[in-house]
Protein chains: 2
Amino acid sequence: MNAEFTKFQGYLRSHGLKMTRARELVFREILSTPGIHPNADEIRRRLRAKKKEIGLATIYRTLNLLVRSGLVTAVDLGEGHSHFEPDWNETAHGHLICLSCGRVQEFAQAGIREAIHRIGEEKGYRLDKFSLQVFGFCRDCETNRG
Amino acid sequence: MNAEFTKFQGYLRSHGLKMTRARELVFREILSTPGIHPNADEIRRRLRAKKKEIGLATIYRTLNLLVRSGLVTAVDLGEGHSHFEPDWNETAHGHLICLSCGRVQEFAQAGIREAIHRIGEEKGYRLDKFSLQVFGFCRDCETNRG
DNA sequence: TTTAATGCAAACATTTTGCACCCTG
DNA sequence: CAGGGTGCAAAATGTTTGCATTAAA
């Protein structure tokens, strides 16, 4: 986790950018909430709760920077805005989203990675990334409301 | 294709809703552009080009209705707005998107469907739908610009 | 001390909504 | 002719940008 932070410093240095208080806070917040998938506003609220006030515009700028650097991934959970998670890419995964309570669960995609690679070769694409969301109803919601 | 239209009529009737000029035009436009994945504004422009003026608000309302009915699917191609395609679900598919030219190609997901169903069972979810986008660089873009 | 980063407010883009009028069933 | 549908304009979201000020390096 701290290795990730070092990568961020390396990225900034190699691009002539600066490590700032806001960037550190935002990135650490994402690193420390891997299962939460916060959106921009939630990141601001979480930091505010710790008495760390960061402007929303700065949060958006930092998020874009982190995504560009490859250290963070933007996820679309079907809510009309982006959610963010750390991208330690050893653990590429899809998201299983409950349509009733909104719970988000991650899963490793056994076999899916390979299937997608096969498709890339077939169609002549050099693949970069993929995004897989699965929607359904979790056991609790099925039990509680038929 | 006309069977789809009949389904739409059935859906409307069974929900106490009315078939209108706007609804017919929007749905037929989507049915007739399966590979295009238009967004709301593009649907309006295409209809306008045929001298069929429909208000954008009505187009959005109709799109939501069509998605609710299950006859149309909203697709996120990473452009910050939704694209729409007919959902003749025999041909469930993923989207292969070129990060350079934006070309969108569809592919059948051999084996992926099954892998996802296995995950649903494992995690105790009753699955509803899934969405798979793969990003990369198409052969033309790779050839033309290294 | 130089150059980039921040915060704020304004601008943008997409989508939704309130309301008076219109049309389908 | 009753109840849903439409268009328009306004509002609601989510995100980006211009600019004067602040802070890394």
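All values below were derived from every heavy atom in this structure, side-chain atoms included, with hydrogens, water molecules and symmetry-related copies excluded. Residue numbers begin at 1 in each chain, while the letters A, B, ... track the order of the sequences.
The side chain of B/Arg61 approaches D/dT6 more closely than any other nucleotide in the set D/dT16, D/dG18, D/dT6.
Judged by distance alone, the side chain of B/Glu114 and the main-chain N or O of B/Gly111 form a donor-acceptor pair under 3.5 Å.
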For nucleotides 23-25 of chain C, which of its nitrogen or oxygen atoms have a protein nitrogen or oxygen under 3.5 Å away, and what is each distance?
from   : atom 1 : to      : atom 2 : distance (Å)
C/dT24 : O3'    : B/Met19 : O      : 3.2
C/dT24 : O2     : B/Lys18 : NZ     : 3.0
C/dG25 : OP1    : B/Met19 : N      : 3.4

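Side-chain contact annotation: A/His37 with A/His95, donor-acceptor N/O pair under 3.5 Å present. Residues B/Thr73 and B/Glu85 have side chains that never bring a donor and an acceptor to within less than 3.5 angstrom of each other.
Residue B/Asn39 is classed as having no contact, given no heavy-atom separation below 4.0 Å to the nucleic acid. Within 4.0 Å of B/Ala22, counting heavy atoms only, lie sugar-phosphate atoms of the nucleic acid but no base atom. A/Glu53 comes within contact range of the sugar-phosphate backbone alone, with a heavy-atom separation under 4.0 Å but no base atom that close.
For A/Lys50 and A/Glu29, the salt-bridge test passes: some basic side-chain N is under 4.0 Å from an acidic carboxylate O. Salt bridge status for B/Arg139 with B/Glu142: absent, with no side-chain N to carboxylate O gap under 4.0 Å.
Proximity of B/Tyr60 to the phosphate of C/dT15: a side-chain N or O atom is located under 4.0 Å from OP1 or OP2. Taking 4.0 angstrom as the limit, B/Thr58 places none of its side-chain polar atoms (N or O) nearer than this to OP1 or OP2 of D/dG5. OP1 or OP2 of D/dT16 lies within a sub-4.0 Å distance of a side-chain N or O belonging to A/Asn64.
Put simply, CD on B/Glu79 is 11 Å from P on C/dT15, counting in whole angstrom units. Separating the CG atom of A/Leu63 from the P atom of C/dA5 is a distance of 15 Å, rounded to the nearest angstrom. In this structure, CG of A/Leu66 is placed 14 Å from C1' of C/dA5, rounded to the nearest angstrom. Rounded to an integer number of Å, the gap from B/Leu56 CG to C/dT17 C1' is 13 Å. What separates CD1 of A/Ile43 from P of D/dG14 is a distance of 14 Å, to the nearest Å. One atom, NE2 of A/His15, and another, P of D/dA25, lie 16 Å apart when rounded to the nearest Å. In this entry the distance linking CZ of B/Arg13 with P of D/dG4 reads 17 Å, nearest Å. The CD1 atom of B/Ile54 sits 13 Å away from the C1' atom of C/dC22 (whole-angstrom rounding).
In plain terms, the two heavy atoms of B/Tyr11 and B/Ser14 that are nearest each other are O-OG, 3.0 Å.
Below 30°, between 30° and 60°, or above 60°: for A/Phe5 and A/Phe8 the angle between ring planes is above 60°, a perpendicular geometry.
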